There are 2 protein chains.
Amino acid sequence: MTRIATLSESRDSCHNCRLRTLCLPDNLPKEDIGKLEGIVQRRKPVSRGGYLFQAGQRFNSIYAVRTGAVKTSTLMANGDEHISGFHLPGEVIGLDAIVSRDHPSSAIALETASICEIPYAELETLSERTPALQHRLMRIMSRELLAEQSTNHLLSRRSAEQRLAVVLLKFSERFADRGLSALRFRLPMSRLDLGNYLGLVPETMSRTFRRLEEQGLVSIAGKEIEIVDSGAMKALAFGAEGSQTART
Amino acid sequence: MTRIATLSESRDSCHNCRLRTLCLPDNLPKEDIGKLEGIVQRRKPVSRGGYLFQAGQRFNSIYAVRTGAVKTSTLMANGDEHISGFHLPGEVIGLDAIVSRDHPSSAIALETASICEIPYAELETLSERTPALQHRLMRIMSRELLAEQSTNHLLSRRSAEQRLAVVLLKFSERFADRGLSALRFRLPMSRLDLGNYLGLVPETMSRTFRRLEEQGLVSIAGKEIEIVDSGAMKALAFGAEGSQTART
DNA sequence: GGTCGATTTTGATTTCAGTCAAGTTGGGTA
DNA sequence: TACCCAACTTGACTGAAATCAAAATCGACC
(Lines give C-alpha, C1' and ligand atoms only; values in the text may rest on other atoms or scores of the structure.)
Protein backbone atom coordinates (compact mmCIF):
# COMPACT_ATOMS: atom_id res chain seq x y z
CA MET A 1 0.00 0.00 0.00
CA THR A 2 1.46 3.28 -1.00
CA ARG A 3 1.63 5.81 1.74
CA ILE A 4 -0.06 9.10 0.91
CA ALA A 5 1.72 12.22 2.03
CA THR A 6 0.73 13.53 5.40
CA LEU A 7 4.00 15.02 6.60
CA SER A 8 3.19 14.60 10.23
CA GLU A 9 4.95 14.10 13.53
CA SER A 10 8.45 14.88 14.62
CA ARG A 11 9.93 14.89 18.11
CA ASP A 12 10.13 17.82 20.44
CA SER A 13 13.80 18.53 20.13
CA CYS A 14 15.90 19.49 17.17
CA HIS A 15 18.14 16.49 17.92
CA ASN A 16 15.41 14.01 17.25
CA CYS A 17 13.51 16.00 14.69
CA ARG A 18 13.06 14.07 11.49
CA LEU A 19 13.48 17.30 9.56
CA ARG A 20 16.84 18.13 11.11
CA THR A 21 18.77 17.75 7.89
CA LEU A 22 16.46 20.07 5.97
CA CYS A 23 16.15 22.70 8.64
CA LEU A 24 18.44 25.00 10.59
CA PRO A 25 20.27 22.33 12.58
CA ASP A 26 21.66 20.52 9.56
CA ASN A 27 25.35 19.82 9.91
CA LEU A 28 25.67 21.58 13.22
CA PRO A 29 27.81 19.92 15.91
CA LYS A 30 25.73 18.34 18.67
CA GLU A 31 26.44 21.04 21.22
CA ASP A 32 25.41 23.77 18.80
CA ILE A 33 22.12 22.03 18.16
CA GLY A 34 21.67 22.07 21.90
CA LYS A 35 22.21 25.81 22.00
CA LEU A 36 19.81 26.34 19.14
CA GLU A 37 17.19 24.26 20.92
CA GLY A 38 17.57 26.62 23.83
CA ILE A 39 16.07 29.49 21.89
CA VAL A 40 13.53 27.69 19.72
CA GLN A 41 9.95 28.14 20.86
CA ARG A 42 7.23 25.64 20.04
CA ARG A 43 3.95 27.35 19.34
CA LYS A 44 0.57 25.80 19.63
CA PRO A 45 -0.58 24.52 16.24
CA VAL A 46 -1.99 27.03 13.78
CA SER A 47 -5.16 25.76 12.14
CA ARG A 48 -6.13 26.09 8.51
CA GLY A 49 -6.43 29.72 7.51
CA GLY A 50 -4.65 30.98 10.63
CA TYR A 51 -1.81 33.45 10.46
CA LEU A 52 1.75 32.78 11.59
CA PHE A 53 2.31 36.48 11.09
CA GLN A 54 0.75 39.24 9.03
CA ALA A 55 2.25 41.60 6.50
CA GLY A 56 3.26 44.85 8.12
CA GLN A 57 3.71 43.24 11.50
CA ARG A 58 6.95 43.93 13.34
CA PHE A 59 9.66 41.37 12.57
CA ASN A 60 10.77 39.50 15.66
CA SER A 61 11.22 35.90 14.69
CA ILE A 62 11.74 33.55 11.86
CA TYR A 63 9.64 30.40 11.72
CA ALA A 64 10.30 26.82 10.74
CA VAL A 65 7.44 24.62 9.60
CA ARG A 66 7.32 21.37 11.55
CA THR A 67 4.15 19.81 10.17
CA GLY A 68 1.47 20.94 7.78
CA ALA A 69 1.94 23.53 5.07
CA VAL A 70 2.05 27.30 4.88
CA LYS A 71 1.67 29.88 2.16
CA THR A 72 3.23 33.33 2.16
CA SER A 73 1.43 36.09 0.36
CA THR A 74 1.38 39.84 -0.07
CA LEU A 75 -1.55 42.12 -0.68
CA MET A 76 -0.94 44.18 -3.79
CA ALA A 77 -1.80 47.87 -4.15
CA ASN A 78 -5.08 47.02 -5.89
CA GLY A 79 -6.18 44.60 -3.20
CA ASP A 80 -5.33 41.36 -4.98
CA GLU A 81 -3.42 38.69 -3.15
CA HIS A 82 -0.14 37.53 -4.60
CA ILE A 83 1.16 34.22 -3.28
CA SER A 84 4.93 34.19 -3.16
CA GLY A 85 5.52 30.67 -1.96
CA PHE A 86 4.40 27.44 -0.35
CA HIS A 87 6.35 26.08 2.56
CA LEU A 88 6.67 22.48 3.68
CA PRO A 89 8.08 21.01 6.89
CA GLY A 90 11.73 21.86 7.46
CA GLU A 91 11.52 25.15 5.59
CA VAL A 92 12.22 28.49 7.17
CA ILE A 93 9.91 31.47 6.74
CA GLY A 94 10.41 35.16 7.39
CA LEU A 95 13.96 35.69 6.16
CA ASP A 96 12.73 38.38 3.79
CA ALA A 97 11.89 40.56 6.80
CA ILE A 98 15.44 40.93 8.11
CA VAL A 99 16.19 44.11 6.16
CA SER A 100 13.09 46.08 6.87
CA ARG A 101 12.15 45.21 10.49
CA ASP A 102 8.62 44.52 9.20
CA HIS A 103 7.25 41.44 7.53
CA PRO A 104 6.66 42.20 3.86
CA SER A 105 4.27 39.30 3.56
CA SER A 106 1.78 37.28 5.56
CA ALA A 107 2.16 33.60 6.37
CA ILE A 108 -1.02 31.55 6.47
CA ALA A 109 -1.49 27.89 7.33
CA LEU A 110 -2.92 25.84 4.46
CA GLU A 111 -3.67 22.99 6.81
CA THR A 112 -3.15 22.64 10.54
CA ALA A 113 0.52 23.35 11.05
CA SER A 114 2.91 23.11 13.94
CA ILE A 115 5.60 25.69 13.91
CA CYS A 116 8.92 26.41 15.57
CA GLU A 117 9.45 30.08 16.31
CA ILE A 118 13.03 31.32 16.50
CA PRO A 119 13.44 34.81 17.93
CA TYR A 120 15.77 36.54 15.54
CA ALA A 121 17.63 38.71 18.04
CA GLU A 122 18.57 35.62 20.01
CA LEU A 123 19.46 33.73 16.88
CA GLU A 124 21.74 36.57 15.85
CA THR A 125 23.42 36.67 19.25
CA LEU A 126 23.85 32.94 19.25
CA SER A 127 25.30 32.87 15.76
CA GLU A 128 27.89 35.49 16.72
CA ARG A 129 29.62 32.86 18.79
CA THR A 130 28.58 29.85 16.74
CA PRO A 131 30.34 29.90 13.37
CA ALA A 132 28.63 26.72 12.21
CA LEU A 133 25.23 28.26 12.78
CA GLN A 134 26.30 31.40 10.96
CA HIS A 135 27.34 29.35 7.96
CA ARG A 136 24.14 27.40 8.09
CA LEU A 137 22.12 30.59 8.01
CA MET A 138 24.02 31.86 4.99
CA ARG A 139 23.44 28.59 3.22
CA ILE A 140 19.72 28.67 3.95
CA MET A 141 19.46 32.23 2.66
CA SER A 142 21.36 31.27 -0.45
CA ARG A 143 19.04 28.32 -0.96
CA GLU A 144 16.03 30.59 -0.69
CA LEU A 145 17.58 32.91 -3.23
CA LEU A 146 17.97 30.02 -5.64
CA ALA A 147 14.40 28.94 -5.08
CA GLU A 148 13.11 32.44 -5.84
CA GLN A 149 15.25 32.61 -8.95
CA SER A 150 13.86 29.37 -10.16
CA THR A 151 10.34 30.69 -9.63
CA ASN A 152 11.19 33.76 -11.72
CA HIS A 153 12.49 31.50 -14.37
CA LEU A 154 9.28 29.52 -14.22
CA LEU A 155 7.05 32.54 -14.66
CA SER A 156 9.08 33.97 -17.47
CA ARG A 157 7.57 32.99 -20.80
CA ARG A 158 6.51 29.43 -20.17
CA SER A 159 3.19 27.94 -21.15
CA ALA A 160 0.54 27.02 -18.62
CA GLU A 161 1.33 23.34 -19.17
CA GLN A 162 5.00 23.85 -18.53
CA ARG A 163 4.38 25.89 -15.40
CA LEU A 164 2.13 23.25 -13.97
CA ALA A 165 4.49 20.43 -14.92
CA VAL A 166 7.44 22.23 -13.33
CA VAL A 167 5.63 22.98 -10.12
CA LEU A 168 4.29 19.44 -9.79
CA LEU A 169 7.77 18.04 -10.30
CA LYS A 170 9.14 20.43 -7.70
CA PHE A 171 6.56 19.31 -5.19
CA SER A 172 7.37 15.75 -6.05
CA GLU A 173 11.02 16.39 -5.26
CA ARG A 174 10.25 18.25 -2.06
CA PHE A 175 8.00 15.46 -0.82
CA ALA A 176 10.68 12.94 -1.68
CA ASP A 177 13.23 14.98 0.32
CA ARG A 178 10.89 14.52 3.27
CA GLY A 179 10.79 10.78 2.91
CA LEU A 180 7.40 10.65 1.20
CA SER A 181 6.44 9.26 -2.16
CA ALA A 182 7.67 11.26 -5.13
CA LEU A 183 4.94 9.84 -7.33
CA ARG A 184 1.83 10.05 -5.24
CA PHE A 185 1.13 13.04 -3.03
CA ARG A 186 -1.50 15.46 -1.91
CA LEU A 187 -1.17 19.11 -2.77
CA PRO A 188 -1.89 21.17 0.33
CA MET A 189 -3.28 24.22 -1.48
CA SER A 190 -6.35 24.99 -3.56
CA ARG A 191 -6.18 25.35 -7.31
CA LEU A 192 -6.94 28.99 -6.86
CA ASP A 193 -3.84 29.42 -4.69
CA LEU A 194 -1.65 27.35 -6.97
CA GLY A 195 -2.91 29.33 -9.94
CA ASN A 196 -2.25 32.59 -8.18
CA TYR A 197 1.31 31.47 -7.54
CA LEU A 198 1.76 30.40 -11.18
CA GLY A 199 0.14 33.50 -12.62
CA LEU A 200 -2.84 31.58 -14.02
CA VAL A 201 -6.58 31.97 -13.46
CA PRO A 202 -8.53 29.03 -11.97
CA GLU A 203 -10.23 28.24 -15.29
CA THR A 204 -6.85 27.80 -16.93
CA MET A 205 -5.65 25.69 -14.01
CA SER A 206 -8.59 23.36 -14.43
CA ARG A 207 -8.09 23.01 -18.18
CA THR A 208 -4.35 22.56 -17.81
CA PHE A 209 -4.72 19.81 -15.22
CA ARG A 210 -7.11 18.11 -17.57
CA ARG A 211 -4.74 18.35 -20.51
CA LEU A 212 -1.87 16.86 -18.51
CA GLU A 213 -4.19 14.06 -17.50
CA GLU A 214 -5.38 13.47 -21.08
CA GLN A 215 -1.79 13.20 -22.21
CA GLY A 216 -1.29 10.47 -19.64
CA LEU A 217 1.32 12.40 -17.66
CA VAL A 218 -0.52 12.56 -14.37
CA SER A 219 -3.61 11.24 -12.71
CA ILE A 220 -5.63 13.69 -10.68
CA ALA A 221 -8.26 13.13 -8.03
CA GLY A 222 -8.98 16.40 -6.33
CA LYS A 223 -5.82 17.33 -4.53
CA GLU A 224 -4.31 13.87 -4.85
CA ILE A 225 -1.73 13.81 -7.58
CA GLU A 226 -0.12 10.81 -9.16
CA ILE A 227 2.74 11.31 -11.52
CA VAL A 228 2.22 8.64 -14.14
CA ASP A 229 4.90 9.42 -16.72
CA SER A 230 7.67 11.16 -14.93
CA GLY A 231 9.94 11.15 -17.99
CA ALA A 232 7.40 12.86 -20.18
CA MET A 233 6.70 15.33 -17.40
CA LYS A 234 10.36 16.25 -17.25
CA ALA A 235 10.53 16.54 -21.01
CA LEU A 236 7.58 18.89 -20.96
CA ALA A 237 8.91 20.89 -18.03
CA PHE A 238 12.55 21.23 -18.98
CA GLY A 239 12.87 19.79 -22.45
CA ALA A 240 14.08 21.37 -25.65
CA GLU A 241 10.60 21.03 -27.07
CA GLY A 242 8.03 23.44 -25.85
CA SER A 243 10.33 26.40 -25.52
CA GLN A 244 8.50 29.39 -26.84
CA THR A 245 11.73 30.92 -28.05
CA ALA A 246 13.54 28.12 -29.80
CA ARG A 247 13.51 29.17 -33.43
CA THR A 248 15.57 26.39 -34.83
CA MET B 1 22.59 70.77 -18.02
CA THR B 2 21.24 67.53 -16.71
CA ARG B 3 23.84 64.95 -16.01
CA ILE B 4 23.25 61.71 -17.84
CA ALA B 5 23.98 58.58 -15.87
CA THR B 6 27.48 57.25 -16.20
CA LEU B 7 28.01 55.75 -12.76
CA SER B 8 31.73 56.08 -12.87
CA GLU B 9 34.65 56.58 -10.53
CA SER B 10 35.02 55.73 -6.89
CA ARG B 11 38.14 55.67 -4.78
CA ASP B 12 40.34 52.68 -4.13
CA SER B 13 39.32 51.94 -0.59
CA CYS B 14 35.99 51.01 0.90
CA HIS B 15 36.35 53.97 3.28
CA ASN B 16 36.27 56.49 0.49
CA CYS B 17 34.06 54.57 -1.88
CA ARG B 18 31.00 56.54 -2.87
CA LEU B 19 29.03 53.32 -2.88
CA ARG B 20 29.90 52.44 0.69
CA THR B 21 26.38 52.86 2.01
CA LEU B 22 24.88 50.59 -0.63
CA CYS B 23 27.53 47.91 -0.48
CA LEU B 24 28.99 45.56 2.10
CA PRO B 25 30.64 48.21 4.31
CA ASP B 26 27.43 50.04 5.13
CA ASN B 27 27.08 50.71 8.85
CA LEU B 28 30.25 48.87 9.76
CA PRO B 29 32.51 50.47 12.37
CA LYS B 30 35.64 52.02 10.86
CA GLU B 31 37.96 49.28 12.02
CA ASP B 32 35.74 46.60 10.52
CA ILE B 33 35.75 48.39 7.18
CA GLY B 34 39.52 48.29 7.43
CA LYS B 35 39.47 44.54 7.96
CA LEU B 36 37.09 44.10 5.05
CA GLU B 37 39.34 46.16 2.83
CA GLY B 38 42.12 43.77 3.72
CA ILE B 39 40.45 40.93 1.85
CA VAL B 40 38.82 42.79 -1.04
CA GLN B 41 40.59 42.35 -4.35
CA ARG B 42 40.35 44.88 -7.12
CA ARG B 43 40.25 43.20 -10.51
CA LYS B 44 41.16 44.76 -13.75
CA PRO B 45 38.06 46.11 -15.53
CA VAL B 46 35.88 43.64 -17.39
CA SER B 47 34.91 44.95 -20.80
CA ARG B 48 31.49 44.70 -22.42
CA GLY B 49 30.51 41.08 -22.96
CA GLY B 50 33.22 39.78 -20.63
CA TYR B 51 32.49 37.26 -17.88
CA LEU B 52 32.95 37.90 -14.18
CA PHE B 53 32.31 34.21 -13.77
CA GLN B 54 30.55 31.51 -15.71
CA ALA B 55 27.74 29.17 -14.74
CA GLY B 56 29.10 25.89 -13.48
CA GLN B 57 32.38 27.44 -12.39
CA ARG B 58 33.53 26.69 -8.86
CA PHE B 59 32.34 29.24 -6.33
CA ASN B 60 35.19 31.05 -4.64
CA SER B 61 34.21 34.67 -4.35
CA ILE B 62 31.35 37.06 -4.32
CA TYR B 63 31.65 40.23 -6.39
CA ALA B 64 30.63 43.84 -5.90
CA VAL B 65 30.07 46.07 -8.89
CA ARG B 66 32.07 49.31 -8.60
CA THR B 67 31.33 50.90 -11.98
CA GLY B 68 29.45 49.80 -15.06
CA ALA B 69 26.64 47.26 -15.13
CA VAL B 70 26.39 43.49 -15.09
CA LYS B 71 23.73 40.95 -15.99
CA THR B 72 23.41 37.49 -14.49
CA SER B 73 21.93 34.77 -16.63
CA THR B 74 21.45 31.03 -16.79
CA LEU B 75 21.38 28.78 -19.80
CA MET B 76 18.20 26.76 -19.83
CA ALA B 77 17.96 23.12 -20.80
CA ASN B 78 16.88 24.01 -24.34
CA GLY B 79 19.75 26.40 -24.88
CA ASP B 80 17.89 29.64 -24.32
CA GLU B 81 19.36 32.26 -22.08
CA HIS B 82 17.33 33.43 -19.11
CA ILE B 83 18.44 36.70 -17.55
CA SER B 84 17.85 36.70 -13.82
CA GLY B 85 18.99 40.21 -12.96
CA PHE B 86 20.82 43.42 -13.75
CA HIS B 87 23.34 44.74 -11.28
CA LEU B 88 24.44 48.32 -10.72
CA PRO B 89 27.34 49.73 -8.72
CA GLY B 90 27.22 48.83 -5.05
CA GLU B 91 25.36 45.58 -5.63
CA VAL B 92 26.73 42.21 -4.67
CA ILE B 93 26.70 39.25 -7.05
CA GLY B 94 27.19 35.54 -6.48
CA LEU B 95 25.32 35.01 -3.23
CA ASP B 96 23.19 32.36 -4.91
CA ALA B 97 26.26 30.14 -5.20
CA ILE B 98 26.90 29.72 -1.48
CA VAL B 99 24.78 26.57 -1.14
CA SER B 100 26.02 24.61 -4.06
CA ARG B 101 29.75 25.42 -4.30
CA ASP B 102 29.18 26.16 -8.00
CA HIS B 103 27.82 29.28 -9.64
CA PRO B 104 24.30 28.57 -10.90
CA SER B 105 24.50 31.50 -13.28
CA SER B 106 26.96 33.50 -15.34
CA ALA B 107 27.75 37.18 -14.75
CA ILE B 108 28.44 39.23 -17.85
CA ALA B 109 29.45 42.89 -18.12
CA LEU B 110 26.92 44.98 -20.04
CA GLU B 111 29.43 47.80 -20.33
CA THR B 112 32.99 48.09 -19.11
CA ALA B 113 32.79 47.33 -15.41
CA SER B 114 35.19 47.53 -12.53
CA ILE B 115 34.63 44.94 -9.92
CA CYS B 116 35.65 44.16 -6.35
CA GLU B 117 36.21 40.48 -5.71
CA ILE B 118 35.70 39.21 -2.18
CA PRO B 119 36.98 35.68 -1.54
CA TYR B 120 34.17 33.99 0.29
CA ALA B 121 36.25 31.76 2.56
CA GLU B 122 38.06 34.81 3.88
CA LEU B 123 34.84 36.74 4.21
CA GLU B 124 33.36 33.90 6.22
CA THR B 125 36.38 33.72 8.50
CA LEU B 126 36.35 37.46 8.97
CA SER B 127 32.66 37.57 9.75
CA GLU B 128 33.08 34.90 12.43
CA ARG B 129 34.83 37.49 14.55
CA THR B 130 33.03 40.55 13.20
CA PRO B 131 29.39 40.51 14.27
CA ALA B 132 28.60 43.73 12.42
CA LEU B 133 29.79 42.21 9.16
CA GLN B 134 27.76 39.11 9.83
CA HIS B 135 24.64 41.17 10.32
CA ARG B 136 25.42 43.16 7.23
CA LEU B 137 25.67 39.96 5.18
CA MET B 138 22.34 38.72 6.46
CA ARG B 139 20.72 42.04 5.61
CA ILE B 140 22.14 41.98 2.10
CA MET B 141 20.89 38.44 1.55
CA SER B 142 17.48 39.42 2.85
CA ARG B 143 17.45 42.42 0.53
CA GLU B 144 18.25 40.17 -2.41
CA LEU B 145 15.43 37.86 -1.39
CA LEU B 146 13.02 40.78 -1.42
CA ALA B 147 14.26 41.89 -4.81
CA GLU B 148 13.71 38.42 -6.26
CA GLN B 149 10.25 38.26 -4.75
CA SER B 150 9.36 41.55 -6.29
CA THR B 151 10.53 40.25 -9.66
CA ASN B 152 8.27 37.22 -9.25
CA HIS B 153 5.45 39.49 -8.45
CA LEU B 154 6.24 41.51 -11.55
CA LEU B 155 6.19 38.51 -13.85
CA SER B 156 3.04 37.09 -12.42
CA ARG B 157 0.06 38.17 -14.51
CA ARG B 158 0.93 41.74 -15.33
CA SER B 159 0.60 43.28 -18.76
CA ALA B 160 3.59 44.18 -20.90
CA GLU B 161 2.97 47.86 -20.21
CA GLN B 162 2.90 47.32 -16.49
CA ARG B 163 6.06 45.22 -16.53
CA LEU B 164 7.93 47.86 -18.45
CA ALA B 165 6.61 50.68 -16.26
CA VAL B 166 7.60 48.83 -13.10
CA VAL B 167 11.07 48.04 -14.32
CA LEU B 168 11.70 51.58 -15.53
CA LEU B 169 10.59 52.98 -12.19
CA LYS B 170 12.84 50.54 -10.39
CA PHE B 171 15.80 51.60 -12.45
CA SER B 172 14.86 55.20 -11.78
CA GLU B 173 14.95 54.52 -8.06
CA ARG B 174 18.19 52.63 -8.24
CA PHE B 175 19.89 55.39 -10.18
CA ALA B 176 18.59 57.93 -7.68
CA ASP B 177 20.03 55.81 -4.84
CA ARG B 178 23.37 56.25 -6.59
CA GLY B 179 23.10 60.00 -6.72
CA LEU B 180 22.06 60.18 -10.36
CA SER B 181 18.95 61.62 -11.90
CA ALA B 182 15.78 59.67 -11.27
CA LEU B 183 14.12 61.15 -14.35
CA ARG B 184 16.77 60.90 -17.03
CA PHE B 185 19.02 57.90 -17.33
CA ARG B 186 20.57 55.47 -19.73
CA LEU B 187 19.58 51.83 -19.60
CA PRO B 188 22.72 49.72 -19.75
CA MET B 189 21.15 46.71 -21.49
CA SER B 190 19.66 46.00 -24.90
CA ARG B 191 15.92 45.73 -25.42
CA LEU B 192 16.47 42.05 -26.11
CA ASP B 193 18.03 41.57 -22.68
CA LEU B 194 15.42 43.65 -20.92
CA GLY B 195 12.70 41.74 -22.74
CA ASN B 196 14.26 38.44 -21.79
CA TYR B 197 14.25 39.53 -18.15
CA LEU B 198 10.61 40.65 -18.36
CA GLY B 199 9.44 37.58 -20.24
CA LEU B 200 8.63 39.54 -23.43
CA VAL B 201 9.88 39.17 -27.01
CA PRO B 202 11.75 42.09 -28.61
CA GLU B 203 8.84 42.97 -30.89
CA THR B 204 6.60 43.41 -27.88
CA MET B 205 9.29 45.45 -26.13
CA SER B 206 9.45 47.81 -29.05
CA ARG B 207 5.70 48.23 -29.28
CA THR B 208 5.34 48.66 -25.54
CA PHE B 209 8.00 51.37 -25.39
CA ARG B 210 6.15 53.12 -28.16
CA ARG B 211 2.82 52.91 -26.37
CA LEU B 212 4.27 54.36 -23.19
CA GLU B 213 5.74 57.18 -25.22
CA GLU B 214 2.46 57.81 -27.06
CA GLN B 215 0.69 58.07 -23.73
CA GLY B 216 3.17 60.75 -22.74
CA LEU B 217 4.61 58.77 -19.83
CA VAL B 218 8.19 58.58 -21.03
CA SER B 219 10.40 59.90 -23.75
CA ILE B 220 12.73 57.42 -25.40
CA ALA B 221 15.83 57.94 -27.49
CA GLY B 222 17.58 54.64 -27.92
CA LYS B 223 18.75 53.67 -24.46
CA GLU B 224 18.25 57.13 -23.02
CA ILE B 225 15.07 57.23 -20.98
CA GLU B 226 13.28 60.23 -19.66
CA ILE B 227 10.39 59.75 -17.29
CA VAL B 228 7.95 62.47 -18.26
CA ASP B 229 4.93 61.71 -16.11
CA SER B 230 6.14 59.93 -13.05
CA GLY B 231 2.73 59.97 -11.39
CA ALA B 232 1.01 58.31 -14.32
CA MET B 233 3.85 55.79 -14.50
CA LYS B 234 3.31 54.85 -10.88
CA ALA B 235 -0.43 54.65 -11.41
CA LEU B 236 0.13 52.30 -14.31
CA ALA B 237 2.73 50.24 -12.49
CA PHE B 238 1.14 49.87 -9.10
CA GLY B 239 -2.30 51.35 -9.42
CA ALA B 240 -5.68 49.83 -8.79
CA GLU B 241 -6.46 50.11 -12.47
CA GLY B 242 -4.80 47.63 -14.76
CA SER B 243 -5.06 44.66 -12.49
CA GLN B 244 -5.98 41.73 -14.64
CA THR B 245 -7.87 40.17 -11.79
CA ALA B 246 -9.96 42.97 -10.36
CA ARG B 247 -13.46 42.02 -11.36
CA THR B 248 -15.17 44.89 -9.70
C1' DG C 1 32.99 57.96 -44.60
C1' DG C 2 31.34 53.53 -45.73
C1' DT C 3 30.28 48.70 -44.69
C1' DC C 4 28.50 44.83 -42.17
C1' DG C 5 26.15 42.72 -38.56
C1' DA C 6 23.33 43.31 -34.72
C1' DT C 7 19.51 45.64 -32.85
C1' DT C 8 15.18 47.62 -33.31
C1' DT C 9 10.97 48.61 -35.67
C1' DT C 10 6.71 47.72 -38.33
C1' DG C 11 2.92 45.08 -40.15
C1' DA C 12 -0.04 40.89 -40.75
C1' DT C 13 -1.53 36.85 -38.59
C1' DT C 14 -2.07 33.26 -35.03
C1' DT C 15 -2.54 31.37 -30.61
C1' DC C 16 -2.84 30.74 -25.84
C1' DA C 17 -4.68 32.16 -21.82
C1' DG C 18 -8.09 35.49 -19.91
C1' DT C 19 -12.90 36.82 -19.46
C1' DC C 20 -17.65 36.07 -19.01
C1' DA C 21 -21.38 33.19 -17.86
C1' DA C 22 -23.31 28.93 -16.18
C1' DG C 23 -23.20 24.90 -14.26
C1' DT C 24 -21.39 21.01 -11.13
C1' DT C 25 -19.08 19.02 -7.34
C1' DG C 26 -17.83 18.49 -2.69
C1' DG C 27 -16.91 19.39 2.11
C1' DG C 28 -18.77 21.16 6.26
C1' DT C 29 -22.56 21.65 9.23
C1' DA C 30 -27.28 22.44 11.02
C1' DT D 1 -29.90 13.82 5.41
C1' DA D 2 -30.27 17.95 3.30
C1' DC D 3 -28.57 22.37 2.66
C1' DC D 4 -25.17 25.79 1.57
C1' DC D 5 -21.18 27.97 0.10
C1' DA D 6 -16.81 27.59 -1.77
C1' DA D 7 -14.07 25.29 -5.03
C1' DC D 8 -13.84 23.60 -9.33
C1' DT D 9 -15.33 22.72 -14.19
C1' DT D 10 -17.12 23.67 -18.83
C1' DG D 11 -18.08 26.25 -22.99
C1' DA D 12 -18.17 30.38 -25.97
C1' DC D 13 -15.85 34.38 -26.95
C1' DT D 14 -12.10 38.00 -26.70
C1' DG D 15 -7.81 40.02 -26.53
C1' DA D 16 -2.89 40.65 -25.60
C1' DA D 17 1.27 39.07 -26.80
C1' DA D 18 3.77 35.63 -29.73
C1' DT D 19 5.07 34.43 -34.25
C1' DC D 20 6.39 35.16 -38.90
C1' DA D 21 8.36 38.14 -42.25
C1' DA D 22 10.67 42.08 -43.77
C1' DA D 23 12.57 46.59 -43.48
C1' DA D 24 14.99 50.27 -41.15
C1' DT D 25 18.33 51.97 -37.96
C1' DC D 26 22.32 51.91 -35.19
C1' DG D 27 27.03 51.45 -34.04
C1' DA D 28 31.50 49.38 -34.19
C1' DC D 29 35.30 48.93 -37.07
C1' DC D 30 38.10 49.30 -41.17
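If you're wondering where the values come from, they're calculated on a predicted model, not measured in any experiment. So you know, we letter chains A, B, ... as the sequences are listed, proteins then strands, and number each from 1.
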Rounded to the nearest Å, what distance is computed from the [atom1] atom of residue [X] to the [atom2] atom of nucleotide [N]?
| X | N | atom1 | atom2 | value |
| --- | --- | --- | --- | --- |
| A:L194 | D:dA7 | CG | P | 14 Å |
| A:Q162 | D:dA18 | CD | P | 14 Å |
| A:R186 | C:dG26 | CZ | P | 14 Å |
| A:E213 | D:dC8 | CD | C1' | 14 Å |
| A:N196 | D:dA7 | CG | P | 13 Å |
| A:R211 | C:dC16 | CZ | C1' | 8 Å |
| B:D80 | D:dA18 | CG | P | 14 Å |
| B:R163 | D:dA16 | CZ | P | 14 Å |

May I ask you to decide if B:L200's main-chain N or O and B:T204's side chain share a donor-acceptor pair within less than 3.5 Å?
-> no
Is A:S106 reaching over with its side chain to a backbone N or O of A:A55, donor-acceptor style, under 3.5 angstrom?
-> yes
Between B:R178, B:R66, B:R143, which is the residue that forms a salt bridge (charged side-chain N to carboxylate O under 4.0 Å, His left out) with B:E91?
-> B:R178
If you look at every strand shown and take non-hydrogen atoms under 4.0 Å, does A:G199 touch a base, only sugar-phosphate, or nothing?
->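 Sugar-phosphate, no base atom in range.
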Every protein N/O within reach of nucleotides 5-12 of chain C N/O, cut-off under 3.5 Å:
unit_1 : atom_1 : unit_2 : atom_2 : d
C:dT8  : OP1    : B:R191 : N      : 3.3
C:dT8  : OP2    : B:R191 : N      : 3.0
C:dT8  : OP2    : B:L192 : N      : 3.3
C:dT9  : OP2    : B:R191 : NE     : 3.3
C:dT9  : OP2    : B:S206 : OG     : 3.0
C:dT9  : O5'    : B:S206 : OG     : 3.1
C:dT10 : OP2    : B:R210 : NE     : 2.8
C:dG11 : N7     : B:R207 : NH1    : 3.0
C:dG11 : O6     : B:R207 : NH2    : 3.4

Can you tell which of D:dA17, C:dA17, D:dT19 lies closest to the side chain of B:A160?
->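 Nearest to the side chain of B:A160 among the choices is D:dA17.
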Would you call the rings of B:F53 and B:H103 parallel, tilted or perpendicular if under 30° counts as parallel and over 60° as perpendicular?
->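 B:F53 vs B:H103 ring planes: parallel.
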Are A:E81 and A:K71 close enough for a salt bridge, meaning some N to O gap below 4.0 Å?
-> yes
Is there any side chain to side chain donor-acceptor pair (under 3.5 Å) pair reaching into residues 46-63 of chain B, and which pairs are they, with sequence neighbours excluded?
-> B:S61-B:E117
